[in-house]
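In what follows, a structure is listed as structure tokens, so that the remarks can point back to it.
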2 protein chains.
Amino acid sequence: MTIGGRTSPTLDEVAELAGVSRATVSRVINDSPRVSPEAREAVHSAVAQLRYVPNRMARSLVTRRTDTIALVLSESNSQVFTDPFFASMVRELSARLSDTDRALVLLAARDRGEQEKVGRWVRQGHVDGVVLVSLHRDDLLPGLLRESNVPLVLLGRPLDGAAVSHVDTDNAAGAATATAYLVAAGRRRIATVTGPLDMIAGVDRYAGYRRGLADAGLPLREELVEDGDFTEAGGARAMRALLERAPDLDAVFVASDPMAVGALRALHDAGRTVPGDVAVVGFDDAVVAATSDPPLTTVAQPLDEMTRLMVELLLRQVEGDADEPEVRICDTRLVVRASA
Amino acid sequence: MTIGGRTSPTLDEVAELAGVSRATVSRVINDSPRVSPEAREAVHSAVAQLRYVPNRMARSLVTRRTDTIALVLSESNSQVFTDPFFASMVRELSARLSDTDRALVLLAARDRGEQEKVGRWVRQGHVDGVVLVSLHRDDLLPGLLRESNVPLVLLGRPLDGAAVSHVDTDNAAGAATATAYLVAAGRRRIATVTGPLDMIAGVDRYAGYRRGLADAGLPLREELVEDGDFTEAGGARAMRALLERAPDLDAVFVASDPMAVGALRALHDAGRTVPGDVAVVGFDDAVVAATSDPPLTTVAQPLDEMTRLMVELLLRQVEGDADEPEVRICDTRLVVRASA
DNA sequence: CGACCTCGTGAGAGCGCTCTCACACTTCAG
DNA sequence: CTGAAGTGTGAGAGCGCTCTCACGAGGTCG
């Protein structure tokens, strides 16, 4: 194989140098047990001498595996990158897959054109499986990938209720718990900054907020609901809108920590104290939640466990042990700090 | 080819259905000119009917190309993702490569173990070329990739001065200009928050700051220099340290916009007005620079042009037209807003 | 002591594609 | 009318690897 003008060695060359057959070299490379110590040794030194690296394409052509997994971000907003939740997930995913000697690659699909392109790329057989995150209602990718029969796991349940393996948190329960906590603290004019309502996490957390109000016998007030976009700037903007429309609010459930940080800033700028005037609860338990001023009370989701489960479900499909789509729902936990 | 239990069609099956030879199908797939319209039509409909997708591994095995390019982030700090500079670059890179029908994948190499793993993955032939960004002094990757002869372009000149194609801005000149601007505005106690000094951008911007001071005949004062890490939190921390150590500073050159935003916050918290008490200049002209309070005066680098150049240099190597390593240095531009 | 294993090895087919080459057929200049 | 040039097509080799199968050498057992 030629890269940059130099030719890389092949199995045959290694075999010749080691004085064995191609099959034996292949056995050594793949750690097959039945090889004599002498042959193994000869091959290893030939490999080292030639700086031999197996050609992945040739190998994959016969094994039908690439040992690489794709994490696909279906997000028009390049701000996803900015979300610490996402950064942590990448780290954890990558570590988990390393344990199985598989590589992780990230693909971003910003618009329909890129989604189709990514779909094609995946169908061509570049990867053994796909983890799909940050899904919006009109995403093409779940459909494209499902019909291409590539092993697939979603983060968050599919908006259309399709039968696909996925891992999710009980967002609604978490949001309801957060709202109940605010009620129990004596708050009565509880506002919310929602996530994007074309994403399942946005929808479910908003539903949980409503359930929390209903459970407490409180009415849902339109002026206390403002849509956000999961970014800090969006959270600040939404908070300002809420303050303008309902200056007497005494609490706010914010559907993500970055937005909650923005809300904190907007409240501070408006001269409100937290939690004195307004109690704030966030969602995610991002790193920033512990360092904000005041530290955020927030709904934590077990990100590491979720990542572990995604890898588990995906690898089961990759290994061929998967029969039916599987679903795992994780519990949330309210982390009480100073903001509420 | 089997994915998830179903078998995907091969070229031969398409050929049989279309009533032509495998070679003709291949010609149609690859847009070769000499195919009769009838044959072309027959193949197209067979492809559509079988939902045929070429097997990338088989194709790559013979063509020696994968039509995918990797962007490798060599960064232990998962905060890189958070940097808007990086997000913009990904978007632009992806768009540029789309024009040439190549896919972009991202790989993160957080520690030496992952760097070696990425190096191996690349050497195995998964990609046609690599763009390497966010380089630190002790990174293994430049060395690993260079000796594997894979087409390679760095963002930022190599710290060890090795002969590798790269694209960079004239960081030192930009920083010197910023410093001169502060001097011209009558500032005399000009501090700096540097970038990480094991990264070339950190080193060069710091050098530019020193040159700016020297050109104005101002001394370099140790208490006016604090290291940062290119993050907002790091910028705030550094600014607080500077204020404590040198309460009488009247300006600060901050080596990145996210850090400058953090510095702005620290200054605000310390009761200093900007630019009244302290003038602030950032670097990058990130989106946030225009929306911060006050909007940031900052050194802009032509990110889109740099990305375009990286793609150009890389593709030239991929196409085999590259002889020697090539270098492109872009000019910076001072964008004056309200903070200085 | 022949039948039967086990073990290490090599020969060779084949994964799905591209691409060179040869061939049949047409077109056209001389 | 002949030779050269051009056009569409198919046969077949080969990319670098894995993996099945056959085989010979040595060991075990009835």
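To find a chain, count down the sequence lines: A is the first, B the second, and so on, and within it residues start at 1. Side chains are part of it too, since the values below use all heavy atoms of this structure and drop only hydrogens, waters and symmetry mates.
Rounded to an integer number of Å, the gap from B:E13 CD to C:dC15 P is 11 Å. As rounded to whole Å, 13 Å separates atom P of D:dG10 from atom CD of B:E16. Atom CG of B:D12 and atom P of D:dG12 are 13 Å apart (whole Å). Regarding B:R59, its CZ atom lies at a distance of 13 Å from the C1' atom of C:dC19, rounded to whole Å. The interatomic distance linking B:I29 (CD1) with C:dC19 (P) rounds to 13 Å, in whole Å. Rounding to whole angstrom units, CG of residue A:L11 and P of D:dG14 are separated by 18 Å. Remark: P of C:dC17 and CE of B:M57 are 12 Å apart, rounded to the nearest angstrom. Atom CZ in A:R65 sits roughly 15 Å away from atom C1' in D:dC17 (whole-Å rounding).
Considering only side-chain N and O atoms, B:N30 lies under 4.0 angstrom from the phosphate OP1 or OP2 of C:dT18. Note on B:S21: a side-chain N or O is less than 4.0 Å away from OP1 or OP2 of D:dG10. Between A:R64 and the phosphate of C:dG16, there is a side-chain N or O to OP1/OP2 separation shorter than 4.0 Å. OP1 and OP2 of D:dT7 both lie 4.0 Å or more from every side-chain N or O belonging to B:S36. Dashed line: the shortest gap from a side-chain N or O of B:T24 to OP1 or OP2 of D:dT9 is not under 4.0 Å.
In terms of modelled atom types and a separation under 3.5 Å, the side chain of B:S60 and the main chain of B:M57 share no donor-acceptor contact. A donor-acceptor pair under 3.5 Å is absent between the side-chain atoms of B:T307 and the main chain of B:L93, judged by distance alone. In this structure, the side chain of A:H126 engages the main chain of A:W121 through a donor-acceptor pair within 3.5 Å. Remark: side-chain polar atoms of A:D198 are not paired, donor with acceptor, to backbone N or O of A:H136 under 3.5 angstrom. In this structure, the side chain of B:H44 does not engage the main chain of B:A42 through any donor-acceptor pair within 3.5 Å. A donor-acceptor pair under 3.5 Å is absent between the side-chain atoms of B:N30 and the main chain of B:S32, judged by distance alone. In terms of modelled atom types and a separation under 3.5 Å, the side chain of B:D160 and the main chain of B:A162 share a donor-acceptor contact.
Out of C:dG16, C:dG10, D:dG10, the shortest distance to the side chain of A:V20 is found at C:dG10. When the nucleotides C:dG8, D:dG16, D:dA11 are ranked by their closest atom to the side chain of A:R34, C:dG8 comes out on top. Of the candidate nucleotides C:dG10, D:dG16, C:dC17, C:dC17 has the atom lying nearest to any side-chain atom of B:V62.
Comparing B:E38 and B:L61 along DNA chain D, the residue whose closest nucleotide (by nearest heavy atom) sits nearer the 5' end is B:E38. Nearest-nucleotide assignment on DNA chain C puts the 5′-proximal partner with A:V35, out of A:V35 and B:S26.
Judged by distance alone with a 3.5 Å cut-off, a donor-acceptor contact links the side chain of B:R22 to the base of C:dT18. Side-chain N/O atoms of B:R56 and base N/O atoms of C:dG16 include no donor-acceptor pair closer than 3.5 Å. If you check distances only, the side chain of B:R27 does reach the base of D:dG10 with a donor-acceptor pair under 3.5 Å.
A salt bridge links B:R51 with A:E147; the closest basic N to acidic carboxylate O contact falls under 4.0 Å.
Helix-axis bend for the helix from C:dC1-D:dG30 to C:dG30-D:dC1: the local axis fitted to the five terminal pairs at one end deviates from that at the other end by 50°, rounded to 10°.
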